[in-house]
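Encoded as structure tokens, the structure appears first; notes follow it.
Order of the sequence lines fixes the chain letters, A, B, ..., with proteins taken first and strands second; residue numbering starts at 1 for each chain. Quick caveat, the model's predicted, so the values are computed rather than measured.
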Amino acid sequence: MTPLLRVEGLSKSYGTHPGCRDVNFTLWPGEVMGIVGESGSGKSTLLNCLAGHLAPDTGKVIFDTRERGPRDTVTMRESERRWLARTDWAFVHQNPRDGLRMAVSAGGNVGERLMAVGARHYGDIRAQAEDWLGRVEIDAGRMDERPRAFSGGMQQRLQIARNLVTGPRLIFMDEPTGGLDVSVQARLLDLLRGLVRRLGLSAVIVTHDLAVVRLLADRLMVMKDGHVVEEGLTDQVLDDPQHPYTQLLVSSVLQV
Amino acid sequence: MTQYNFAYLDEATKRMLRRAILKAVAIPGYQVPFSSREMPMPYGWGTGGVQVTAACLVPEDTLKVIDQGADDTTNAVSIRKFFARVAGIATTEATARASVIQTRHRIPETPLAAGQILVFQVPIPEPLRFLEPRETETRTMHALEDYGLMQVRLYEDIARHGEIARAYAYPVRVEGRYVMDPSPIPKFDNPKLHMSPALQLFGAGRECRIYALPPFTRVESLDFDDYPFTPSKAAGQACAICGAADSYLDEVITDDAGGRMFVCSDTEYCSSRAASQQGDAA
């Protein structure tokens with residue numbers, strides 16, 4: 001089996017300030033990888049390098065494309081990278097405002113990726129948008145409303161629908177539950193877990209919430225100061241942390 | 001007037017403009033940047049059109065200028081006078097007799113012929129402007145043919161109004177490549193862009209862009225398979241003066257008791273039809 005994503009020696013610094021340093025990992029089809037660490041540890045930098053939003057200084061990000069097999073997305077042409085970004089990849093931002101078009105209706109938001117890959121039949125686009133709104137538990141009657149009329153949780157679910165409509169194989173998520181209250185978080189996690197398992201998606205989830213990775217992630221990477229300090233199966237890392245920083249992280253979680 | 005250069009602009013400026021025009025003709029629908037000059041009129045009055053016209057004019061040319069289809073409005077009259085004075089060229093109101101036609105917001109009803117040049121005045125050349133504010137991003141989108149967003153706008157129209165409500169500056173795809181803003185002409189005129197035997201040049205003075213449609217260029221209006229493009233005009237009406245049912249009509253309010261009439265927006269087309277009808281009657 002070919003890995004879906006293979007990262008080799010990825011580094012990115014901002015001037016003299018390091019973002020992430022020498023990151024290596026492999027993501028297999030259907031696997032969910034969690035990345036945890038404190039703020040400023042390089043999690044988001046790493047995710048943005050993987051998704052092609054930032055150009056890494058060194059290293060390779062090899063993605064198993066549908067047509068042409070494993071290819072380095074760092075050196076491929078911008079047009080190919082953008083094509084991947086709207087077909088095989090999805091990116092769920094922490095703030096739904098960054099991932100949605102706030103001036104465009106919910107249906108238009110979901111339909112945008114379809115139209116970007118060439119769909120030109122209004123009825124079909126609308127039917128697919130309606131189907132996806134249903135899957136993320138948004139009432140079809142609110143399809144023509146703009147996202148600003150939605151609650152935070154609904155906006156986040158809309159963002160997920162908008163990203164998944166073209167059937168991507170890899171989702172990047174940056175703090176998908178950040179800024180939501182706990183009951184809404186729980187529902188969103190439930191929904192995400194269902195979608196990921198049912199569609200057989202692979203995902204890279206960046207978060208500082210250990211409960212999120214416990215529920216969603218198969219494997220876990222712990223980052224500190226741009227380095228990966230520990231890596232392993234989620235339950236193994238959380239129940240038997242080896243690195244002092246991981247031990248600190250796990251012991252810092254409040255028990256209710 | 002011999003102490004001045006022909007057609008107002010100095011030769012270096014003309015060379016710069018002609019280079020931009022040649023490049024625009026070579027890449028149909030692509031917006032070529034040029035260093036727009038100050039013109040003796042405010043931005044928004046046709047500074048882009050005037051520069052393109054000045055760069056194209058030769059002493060043998062006959063110029064026609066129209067504004068919203070009319071030959072006799074302030075803008076049209078003053079630009080026509082301007083060129084008659086600074087270039088000493090002949091002017092006309094007859095579409096068929098003109099070799100260069102500068103226009104704002106219309107394409108003449110009389111079909112254009114090979115050898116004619118139609119110059120459009122363009123306020124905002126970027127069709128993606130109100131969808132994506134960053135110029136760097138819109139240029140990248142054009143370069144990568146990333147036009148999904150344009151389609152989203154049409155989708156929003158249908159979702160909200162039941163049809164594509166855009167009635168002017170309706171976006172077109174040129175030769176299956178660049179998406180282009182045809183300037184604020186009514187969408188009724190869009191089919192006239194397609195396979196036109198005349199050279200069509202677009203000048204945006206404030207935005208410093210020139211783009212072009214060479215003769216016989218494929219121009220398609222964007223639409224959906226199940227909501228095809230329709231070149232609409234005032235439904236079921238004919239011109240009250242010349243009786244034309246096939247021309248684009250302006251609605252004119254005649255009193256404050258609800259009285260109104262529809263007349264041709266192309267004044268030269270209307271008056272020539274009315275004159276020939278009178279000739280037939282006499």
Counting only heavy atoms closer than 4.5 Å, note whether [X] contacts chain A via side chain, backbone, both or neither.
X: B:Leu222; answer: neither
X: B:Arg153; answer: neither
X: B:Glu156; answer: side chain

Near-ring test [Y]/[X], centroid separation under 6.0 angstrom:
X: B:His105; Y: B:Tyr168; answer: no
X: B:Tyr155; Y: A:Tyr122; answer: yes
X: B:Tyr211; Y: B:Tyr178; answer: no

**Report entry** Non-hydrogen atoms of A:Arg142 and A:Phe150 that approach each other most closely
**Finding:**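 Closest heavy-atom pair between A:Arg142 and A:Phe150: O-CZ, 3.6 Å.
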Query raised in the report: Can you name the one residue among A:Val204, A:Asn163, A:Leu164 that meets side chain to side chain contact (heavy atoms under 4.5 Å, CB included) with A:Ile171?
Result: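 Answer after filtering A:Val204, A:Asn163, A:Leu164: A:Leu164.
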Requested in this report: Among B:Cys264, B:Ser265, B:Cys239, find the one that has a side chain to side chain contact (heavy atoms under 4.5 Å, CB included) with B:Asp250.
Outcome: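 Option passing the side chain to side chain contact (heavy atoms under 4.5 Å, CB included) with B:Asp250: B:Ser265.
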Requested in this report: Could you tell me which of A:Ser105, A:Gly118, A:Ser79 has the largest number of non-hydrogen atom pairs under 4.5 Å with chain B?
Outcome: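 Top option by heavy-atom pairs under 4.5 Å: A:Ser105.
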Requested in this report: Would you mind telling me which of A:Arg82, A:Arg120, A:Met115, A:Glu112 has the largest number of heavy-atom pairs within less than 4.5 Å of chain B?
Outcome: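 Among the listed options, the one with the most contacts to chain B is A:Arg120.
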Atom group of [X] that falls short of 4.5 Å from chain B, counting heavy atoms:
X: A:Arg113; value: neither
X: A:Arg77; value: neither
X: A:Leu114; value: neither

